[in-house]
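Report on the structure given below.
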Amino acid sequence: MKGNEAFAEAAIRAGADGYFGYPITPQSEVMEYLMAEKPHERTGMIVLQAESEVAAINMVYGGAATGKRVMTSSSSPGISLKQEGISYLCGAELPCLIMNAVRGGPGLGTIQPSQSDYFQSTKGGGHGDYRLLVLAPASVQEMADFARLGFDLAFKYRNPVLVLSDGAIGQMMEKVYLDPQRPRFTDEEIKQNTPWATTGKTPDRERNIITSLALESAKMEQHNIALQAKYRQMEEEEVRYEKIGCDDAEYAFVAYGTSSRICQKAIQLAREQGIKVGLMRPITLFPFPKKIIAQMTSRVKGILVVEMSAGQMVEDVRLAVEGRVKVEHFGRFGGIIPSPVEVVEALKKQIIGG
Amino acid sequence: MKGNEAFAEAAIRAGADGYFGYPITPQSEVMEYLMAEKPHERTGMIVLQAESEVAAINMVYGGAATGKRVMTSSSSPGISLKQEGISYLCGAELPCLIMNAVRGGPGLGTIQPSQSDYFQSTKGGGHGDYRLLVLAPASVQEMADFARLGFDLAFKYRNPVLVLSDGAIGQMMEKVYLDPQRPRFTDEEIKQNTPWATTGKTPDRERNIITSLALESAKMEQHNIALQAKYRQMEEEEVRYEKIGCDDAEYAFVAYGTSSRICQKAIQLAREQGIKVGLMRPITLFPFPKKIIAQMTSRVKGILVVEMSAGQMVEDVRLAVEGRVKVEHFGRFGGIIPSPVEVVEALKKQIIGG
Amino acid sequence: MTEEIIIAGFGGQGVLSMGKILAYSGVMQDKEVSWMPSYGPEMRGGTANVTVIISDERISSPILNAYDTAIILNQQSMDKFESTVKPGGILIYDPNGITRHPERKDISIYSIEAAEKAGELGLSKVFNMIVLGGFLKLKPIVSMEYIHKGLQKSLPARHHVLIPENEKAIEVGKELIKAKQTLN
Amino acid sequence: MTEEIIIAGFGGQGVLSMGKILAYSGVMQDKEVSWMPSYGPEMRGGTANVTVIISDERISSPILNAYDTAIILNQQSMDKFESTVKPGGILIYDPNGITRHPERKDISIYSIEAAEKAGELGLSKVFNMIVLGGFLKLKPIVSMEYIHKGLQKSLPARHHVLIPENEKAIEVGKELIKAKQTLN
Amino acid sequence: MAEAIVNTELIQPENLVYKRTELLTPNALSYCPGCGHGTAHRIIMEVIEEMGIQSETIGIAPVGCSVLAYDFMNIDMQQAAHGRAPALATAAKRLNPKKYVFTYQGDGDLAAIGTAETIHACNRGENIVIIFINNGIYGMTGGQMAPTTLPGMKSSTSPYGRDVAMMGNPLKITELVAQLPGTLYVTRQAVHTPVAVRKAKKAVRKAFENTKLNKGLSFIEIVSNCNSGWKMTPRKANDWMVENMFPFYPLGDIKVNE
Amino acid sequence: MAEAIVNTELIQPENLVYKRTELLTPNALSYCPGCGHGTAHRIIMEVIEEMGIQSETIGIAPVGCSVLAYDFMNIDMQQAAHGRAPALATAAKRLNPKKYVFTYQGDGDLAAIGTAETIHACNRGENIVIIFINNGIYGMTGGQMAPTTLPGMKSSTSPYGRDVAMMGNPLKITELVAQLPGTLYVTRQAVHTPVAVRKAKKAVRKAFENTKLNKGLSFIEIVSNCNSGWKMTPRKANDWMVENMFPFYPLGDIKVNE
Amino acid sequence: MAKMKGQIVVDIERCKGCEVCIPACPEEVIAMSKQVNRKGYFFAQPVNDACTGCTNCAVVCPDGAITVYRKKMTE
Amino acid sequence: MAKMKGQIVVDIERCKGCEVCIPACPEEVIAMSKQVNRKGYFFAQPVNDACTGCTNCAVVCPDGAITVYRKKMTE
Ligand SMILES: Cc1ncc(C[n+]2csc(CCOP(=O)(O)OP(=O)(O)O)c2C)c(N)n1
Ligand SMILES: Cc1ncc(C[n+]2csc(CCOP(=O)(O)OP(=O)(O)O)c2C)c(N)n1
Ligand code: SF4
Ligand code: SF4
Ligand code: SF4
Ligand code: SF4
Ligand code: SF4
Ligand code: SF4
Ligand SMILES: [Mg+2]
Ligand SMILES: [Mg+2]
């Protein structure tokens with residue numbers, strides 16, 4: 001199963017209620033898979049091809065506002081178009097799942113895989129002080145797992161969750177274990193779990209309002225303080241990462257998604273050459289595992305951040321490291337995936353030799 | 001003259017060829033001023049109210065592609081909608097002027113002034129590895145000055161320039177000196193200065209193509225490398241900042257735009273209390289004056305970053321300081337402007353006492 | 001010289017334009033000025049206030065916590081701004097619509113029954129100029145010559161015929177203002 | 001056991017599906033697999049290639065610099081991938097359309113005239129399976145039983161009638177493959 | 001002007017013939033005096049009350065003067081991004097097929113930035129109600145030109161009047177959506193006189209009945225005033241509307257399918 | 001099938017009656033065999049050549065199979081974001097009023113994501129030419145359903161055929177823009193037969209003449225095949241188009257103002 | 001013959017003095033007050049007893065400020 | 001009577017073998033080759049001398065692969 005298809009299938013099985021999307025390479029398989037699966041017959045899930053990405057993200061808003069599990073997916077230019085909608089979703093505190101199969105930018109760029117939307121994803125591509133909870137899958141299995149986990153975290157925090165994938169993971173096939181079907185929310189469950197949802201004002205409660213507007217600054221500030229508290233809670237509770245070969249490591253790669261897979265192979269190659277290097281793979285990009293990375297600086301002599309970008313996550317690594325050890329960035333970009341050999345060479349040149 | 005009006009008038013005088021915008025508070029005065037001024041009669045400048053922000057930014061693209069001096073302005077939600085277009089402009093290397101009168105977000109938020117679009121502006125709200133050259137005015141005078149400077153830098157680098165203003169600066173009136181009218185580019189000048197522009201393929205040259213597409217990753221990477229080199233050149237040549245009272249300072253504020261004005265008053269208040277504090281005001285947010293801030297750490301004991309946000313520029317300050325002195329953030333947000341007294345209190349509590 | 005003023009009242013009372021005329025007059029007299037409205041989200045109704053600073057030096061913050069003079073035209077603004085007048089400063093208010101009068105002892109307090117007078121004289125449109133007159137009586141920081149220029153600058157050309165009426169209102173205001181409490 | 005394979009040729013030659021069947025077969029045999037296409041920007045035409053890894057262990061990088069086996073079906077791919085075969089590895093190619101034959105001495109080289117044979121036998125549609133057969137002859141990493149299951153899994157149900165034809169093609173390929181140079 | 005004359009005898013519960021619906025919250029409307037938004041709100045809420053569907057209704061209002069509709073309409077409501085209400089409504093309705101979903105949009109919202117969402121929701125024939133308040137101007141943001149601003153009409157971005165050659169023609173989007181097979185009922189109404197209000201209310205009722213019967217999309221334009229934006233007193237604004245807006249935007253049903 | 005038969009005597013410069021225009025670059029077109037995009041490109045370039053306006057023309061092609069139009073059309077060209085070509089064209093033309101500006105857009109581009117830009121450029125009556133290639137599908141991205149996909153037609157996102165109840169009706173955007181006062185000339189053409197090509201070329205010529213005479217906006221739909229997306233041979237695709245697309249999208253002029 | 005007698009009650013604080021109800025009344029019952037309400041608006045009030053309770057004024061009032069009572073009077 | 005004699009020249013490498021030109025030819029002049037070109041396409045070729053130089057084939061060829069020559073023949 002391709003990563004994109006695994007994501008789609010897992011979403012159905014996670015009890016998704018609705019998917020709203022617009023075609024764009026390299027993730028059109030998500031909607032294509034869903035349409036072919038007739039989830040409307042399988043589970044009652046709605047799948048709709050919207051007239052644009054802007055419409056799609058606002059459909060997500062309208063659906064999420066009724067307490068449903070809704071999702072969309074796109075690739076870089078389409079995700080840029082969704083930035084206003086994403087900011088609204090965060091402002092109105094609506095749970096939803098968004099997948100970005102990142103391709104090389106800027107502009108129309110190339111459809112080849114890239115990691116150059118890290119800043120957009122983690123610091124807020126839209127306006128205002130908001131954060132997405134960002135999950136970075138590195139395998140087809142994680143594409144599937146993070147569909148379900150994404151929904152669950154989205155509802156836990158009433159916040160959009162972004163699965164930051166790329167063309168490589170989306171197009172790749174690997175063995176994947178899929179969770180069994182989970183039922184969609186019942187109307188009763190929605191009333192229970194999401195009492196804020198606009199499901200129709202019944203006599204037993206006040207009307208529900210979904211909005212991100214606060215005319216008075218004082219209220220808006222209070223709202224922002226509450227949002228910030230939520231993001232701090234995520235930083236406490238949701239940091240996820242994987243460490244590979246770090247126990248005896250003198251050097252470390254920090255890489256996520258596709259790059260982290262390359263780094264795994266690079267570790268093998270480097271160790272064959274007697275270089276003790278490990279890998280720290282952030283799984284959540286926000287919240288970023290900054291404490292773990294800070295701790296690593298007591299052991300490793302240098303860190304190479306490998307990204308398919310001109311250097312974005314490296315800033316978060318540097319913020320965590322605060323100058324205690326050398327942190328360098330190695331990147332290929334514009335749709336090029338670095339090879340394991342290149343990565344080892346970069347480690348030698350930029351960190352060990354440098 | 002209001003800041004927004006000064007910006008509009010200065011743009012006419014800087015020889016702007018076209019303005020394309022869509023109303024949104026707190027910057028609708030820009031278009032209103034332009035429409036009232038009939039620049040079409042004054043200089044031949046075109047002013048068009050577009051059907052949306054998305055259309056407006058793409059009009060800017062179409063106009064800039066013909067070598068003209070074109071501009072748009074909006075406020076936070078509208079700027080979010082423009083992110084795809086901005087990424088395209090950067091990818092296609094088109095010069096243009098964009099003004100964001102930031103308001104409190106996320107979502108619809110509030111129309112009150114804010115500085116919570118710093119990340120979006122400086123790290124790229126759209127997709128891909130690109131940078132805007134970001135100018136942060138702190139006075140009505142600078143609103144005027146940066147219209148002209150913005151155009152000039154945009155053409156120097158073939159890159160969009162963002163003027164990151166806010167409602168306060170836009171609505172405020174101050175004395176302002178306006179440069180005299182500069183003529184618009186002639187067709188001849190356009191051929192000369194912007195030989196890449198799509199002005200009609202004449203027999204003496206190959207056809208000109210404006211695009212951000214590169215189907216092959218290798219070409220896309222080359223394009224990205226060239227873009228990165230341009231951004232490095234900006235970092236060499238365009239860093240702008242202002243230092244106030246830093247010579248004898250034991251502490252420093254770092255603040256831009258409206259916050260920097262508050263900090264100026266706070267310096268007076270603090271010095272009345274015997275606290276030697278100075279202000280470092282970044283004028284260019286990208287390129288960020290990181291070297292200057294790094295140098296300051298040899299003298300000051302602590303830095304308070306004052307922003308009307310939950311803490312965004314503070315990351316760039318920390319990246320510059322690399323843990324050498326204490327860096328803290330003080331912010332009010334959601335449309336609230338901190339008062340000078342609050343800022344002094346924060347300095348005492350978070351930096352001096354802390 | 002630096003004079004830091006807050007003018008606050010209802011949206012319709014001409015608060016912003018009063019500030020604007022003052023600011024323009026300052027510019028005409030070659031001073032540094034700053035005019036900073038706190039613009040509300042609603043187009044109409046609600047309260048409005050504007051900070052005007054007129055100075056011989058470059059102005060630092062256009063937004064302040066404390067003012068030399070507060071000009072207050074409704075109760076909400078009284079509640080909000082009475083406490084922000086610097087000790088020794090001035091508070092001017094129109095008692096019309098005020099239910100709780102100012103109580104501070106460390107500032108000078110003046111009242112100006114401008115609304116009433118404006119009604120009497122058929123000068124409702126320039127109510128705000130009456131208030132401005134009262135202020136200028138106490139703080140003649142800009143001369144009438146420059147006020148005239150300021151009016152010319154801030155009023156659209158088609159309203160220039162109204163300048164004499166505005167000036168008359170200012171004179172009325174100068175007469176009308178009454179000390180409630182002064183500090184010497 | 002880990003087998004790292006690149007399959008490369010024209011878009012229309014069934015390169016991706018050959019890899020897919022191999023990968024699915026691996027999954028059926030309970031191996032770890034990875035199938036990673038280098039998808040081109042153009043829908044049709046152009047070259048296509050896919051990296052297939054079949055292993056007993058968890059697979060690290062799905063993208064590689066060097067391969068145990070390269071299966072090459074056009075000249076462009078020969079130019080690009082000949083050098084990426086690991087020393088001691090295998091290169092299989094269909095000489096049809098190849099103008100410059102492989103030159104390396106440190107690898108085993110096999111040719112398989114699949115295009116020609118496919119034309120002869122009217123098996124053009126399963127040309128790629130002939131090539132796969134050749135590979136499986138040399139590297140029987142998955143058994144025919146699991147290839148059958150892999151075909152079932154990767155072909156849409158309406159094409160299941162074609163499975164025997166596919167299997168036949170694989171058998172043809174096993175016969176057809178010829179060593180050009182082997183390392184012992 | 002005399003003093004108020006009140007016959008207190010008549011003021012008895014049994015004589016009550018008209019009072020403000022309970023489905024409007026007690027909050028004072030934030031609209032300018034005389035603004036049609038208030039009347040439009042009221043008739044919608046009256047219909048919902050009369051149909052007894054408060055607990056089944058989801059309202060969606062985007063940015064515009066009516067952004068605060070949720071402060072006034074006592075039903076569950078979503079605030080939408082500028083122009084996107086039909087997208088929200090599409091999802092809300094499809095995911096909750098038994099609910100009544102309506103949007104309440106201004107002319108800037110529906111016919112400028114939201115053009116694509118409007119056209120496509122109508123074209124898909126979503127089973128929703130779209131209420132479109134056409135006041136020929138961007139009320140909320142201070143009176144800028146709207147797609148529906150009349151030729152020659154002044155606004156803050158057409159200070160010398162809408163110049164059709166430069167700024168384009170007013171867009172009759174209602175006529176456009178009536179062309180689409182997805183729309184069932186398309187009508188243009190007003191709320192400036194008692195007769196108009198009663199007709200408009202009937203149209204709203206019909207629209208919600210269409211939802212009930214699963215018939216499809218109803219689109220109700222209400223030509224309204226924006227006395228602040230037009231810089232007129234409310235009564236003058238209504239007169240001006242009758243004289244200038246109605247000839248260009250004639251009232252009445254445009255499409256009535258069954 | 002016999003061998004080629006060539007009368008070399010005839011092959012003389014003086015006998016030349018048709019050759020590929022020089023305004024197409026020598027690059028091989030990236031389109032699938034038999035795709036109408038190539039023919040559409042050619043007739044546009046022939047018109048520009050015949051009118052002698054190469055140095056006065058700016059072409060704009062957004063994303064879609066024709067995103068690489070700039071590789072083939074030997075004129076100055078801008079590549080636009082998906083759906084936004086009319087916005088680019090508006091600015092390019094207004095800022096360069098003496099130039100000829102045209103857009104070349106697919107149905108997904110023009111009638112889905114670009115709906116608002118299309119409607120509003122048409123409504124403003126920009127003095128430009130819009131060429132609209134309607135192949136009923138998203139060709140470039142692999143054959144997804146387009147706004148113009150026919151009822152029952154299969155695509156990768158309507159694998160069981162377009163279900164109008166779920167996915168909405170095909171959108172006849174050309175008929176819609178013809179309603180707008182801003183459009184001058186609106187026509188629907190095809191390029192599958194010699195007769196059709198010659199007619200289509202006349203329409204293109206007329207459109208560019210309209211620009212020349214400052215008359216206003218011309219909108220030319222070309223109903224075309226996407227044999228790859230439709231999963232047919234090119235000849236079958238053309239037959240299918242005649243049988244299925246033309247009844248729904250009838251060829252001919254829709255609006256001809258003067 | 002039965003005659004309708006009506007009476008309106010204006011919610012003074014809700015009234016914004018827009019005067020839209022005045023031309024709506026066929027019986028010329030409504031005029032504006034001389035005083036203002038707490039928000040500073042002149043407000044509508046019934047100034048004679050000609051009201052028939054037709055509800056016209058109430059249905060056009062944007063602010064829903066008018067309540068109408070009506071009784072059939074037998075002469 | 002004057003008769004038109006025509007001759008087409010197909011740019012073999014440009015031809016993609018779409019066959020669209022075949023039904024366009026009123027004289028049934030064109031058929032596909034048995035060989036493929038460098039891109040693997042069968043290509044169009046004139047297979048008789050019935051061509052009248054009407055240019056039909058050329059105007060429908062999406063790839064502009066056909067050049068047409070024509071001469072008036074006097075019988
Ligand atoms: C993306 C975006 N652009 C612009 C705005 C500013 N804005 C708010 S409402 C509005 C238009 C209001 O006009 P209309 O829809 O006609 O409603 P009205 O106020 O006239 O009832 C605009 C432009 C916004 N909030 N968001
Ligand atoms: C913002 C954005 N969304 C989606 C895409 C992906 N995309 C590229 S072209 C296209 C549609 C192509 O269809 P059409 O316009 O009909 O042109 P065709 O290829 O059929 O000629 C899409 C969805 C994109 N490039 N940008
Ligand atoms: S601005 Fe216009 S639309 Fe808005 S409330 Fe006032 S009158 Fe109504
Ligand atoms: S995919 Fe369709 S539209 Fe695109 S080139 Fe091929 S046939 Fe033409
Ligand atoms: S109810 Fe009828 S008669 Fe009575 S005041 Fe109102 S409009 Fe006039
Ligand atoms: S219509 Fe309503 S708000 Fe207006 S004056 Fe009459 S009662 Fe007052
Ligand atoms: S020119 Fe006419 S007759 Fe000759 S081959 Fe072409 S179509 Fe046939
Ligand atoms: S139409 Fe052109 S490309 Fe197609 S077969 Fe004929 S010559 Fe070749
Ligand atoms: Mg409006
Ligand atoms: Mg298409």
Side-chain angles (χ1 to χ4, degrees), chain E residues 1-43 45-46 72 190-201 224-225 227-228 233-239 242, chain G residues 4-73:
Chain E
M1 281 181 232
E3 282 303 282
I5 291 192
V6 181
N7 183 343
T8 45
E9 246 171 58
L10 288 168
I11 304 177
Q12 303 294 341
E14 66 272 22
N15 295 340
L16 181 73
V17 287
Y18 193 92
K19 77 181 237 294
R20 197 167 176 273
T21 166
E22 297 284 319
L23 259 71
L24 286 171
T25 66
N27 300 335
L29 298 175
S30 55
Y31 305 108
C32 304
C35 173
H37 272 304
T39 317
H41 279 31
R42 186 160 42 76
I43 59 177
M45 290 301 110
E46 285 176 2
F72 315 128
V191 290
H192 63 308
T193 64
V195 176
V197 174
R198 292 191 178 103
K199 267 200 201 156
K201 186 172 161 188
S224 187
N225 69 42
N227 50 75
S228 291
T233 65
R235 278 176 72 175
K236 252 207 176 154
N238 279 345
D239 293 346
V242 173
Chain G
M4 287 302 183
K5 262 322 253 170
Q7 179 63 51
I8 61 166
V9 176
V10 177
D11 182 337
I12 291 174
E13 290 308 326
R14 212 176 263 296
C15 174
K16 290 185 188 146
C18 70
E19 305 188 14
V20 166
C21 51
I22 294 180
C25 176
E27 314 296 336
E28 301 192 4
V29 173
I30 308 174
M32 301 313 289
S33 68
K34 286 184 98 171
Q35 312 97 291
V36 295
N37 65 12
R38 249 178 278 158
K39 286 196 196 110
Y41 295 121
F42 298 101
F43 50 86
Q45 52 186 16
V47 291
N48 58 43
D49 64 355
C51 176
T52 62
C54 71
T55 75
N56 275 3
C57 54
V59 301
V60 295
C61 173
D63 285 276
I66 303 177
T67 306
V68 185
Y69 295 88
R70 182 171 63 199
K71 200 176 170 184
K72 208 183 268 179
M73 299 295 198

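Per chain, numbering begins at 1; letters A, B, ... match sequence-line order.
For E:Asn238, the part sitting under 4.5 Å from any heavy atom of chain G is the side chain, from C-beta outward, and nothing else. For E:Val6, the parts sitting under 4.5 Å from any heavy atom of chain G are the backbone and the side chain alike. Proximity to chain G (any heavy atom under 4.5 Å) is shown, for E:Asp239, by neither the backbone nor the side chain. For a residue to count as touching a neighbouring chain, one of its non-hydrogen atoms must lie under 4.5 Å from one of that chain's; by this rule E:Glu9 does not touch chain G. Contact annotation for G:Ile66: only backbone heavy atoms (N, CA, C, O) come within less than 4.5 Å of a heavy atom of chain E. Neither the backbone nor the side chain of E:His41 comes within less than 4.5 Å of any heavy atom in chain G.
In this structure, the side chains of G:Ile22 and E:Arg235 come closer than 4.5 Å at one or more pairs of heavy atoms. Annotation: side chain of G:Pro46 is not in contact with side chain of E:Ile5 (no heavy-atom distance under 4.5 Å).
Heavy-atom minimum distance, E:Gly34 versus G:Val20: CA-CG2, 4.1 Å. Of all heavy-atom pairs spanning G:Cys18 and E:Pro33, the tightest one is CB-C, 3.6 Å.
Side chain of G:Lys16 to main chain of E:Leu29: a donor-acceptor pair is present (N/O by atom type, distance under 3.5 Å, no hydrogens or angles). Remark: side-chain polar atoms of G:Arg14 are paired, donor with acceptor, to backbone N or O of E:Pro26 under 3.5 angstrom. Without hydrogens or angle criteria, G:Gln7 side chain to E:Ile11 main chain gives no donor-acceptor distance under 3.5 Å.
Atom NZ of E:Lys201 has more than 12 neighbouring heavy atoms from other residues, nucleotides or ligands inside a 6.0 Å radius. Around NZ of G:Lys71, the count of heavy atoms belonging to other residues, nucleotides or ligands within 6.0 Å does not exceed 12. The neighbour count for E:Gln12 CD, taken as heavy atoms of other residues, nucleotides or ligands under 6.0 Å away, is above 12. Heavy-atom contacts from other residues, nucleotides or ligands closer than 6.0 Å to CD of G:Glu13 number more than 12.
Along residues 52-59 of chain G, the residues that come nearer than 4.5 angstrom to chain E, judged on non-hydrogen atoms, are G:Gly53, G:Cys54, G:Thr55, G:Asn56, G:Ala58, G:Val59 in order of number.
Your options are G:Gly64, G:Pro62, G:Pro23, and the one with the most heavy-atom pairs under 4.5 Å with chain E is G:Pro62. Of the listed residues (E:Val197, E:Thr233, E:Leu16, E:Leu24), the greatest number of heavy-atom pairs within a distance under 4.5 Å of chain G belongs to E:Leu16.
Atoms SG and CZ, from G:Cys61 and E:Arg42 in turn, are 6.5 Å apart once rounded to the nearest 0.5 Å. Note that NZ of G:Lys72 and CG of E:Asn15 are 12.0 Å apart. Values are rounded to the nearest 0.5 Å. With rounding to the nearest 0.5 Å, the separation of OH in E:Tyr31 from CG in G:Asp63 is 10.5 Å.
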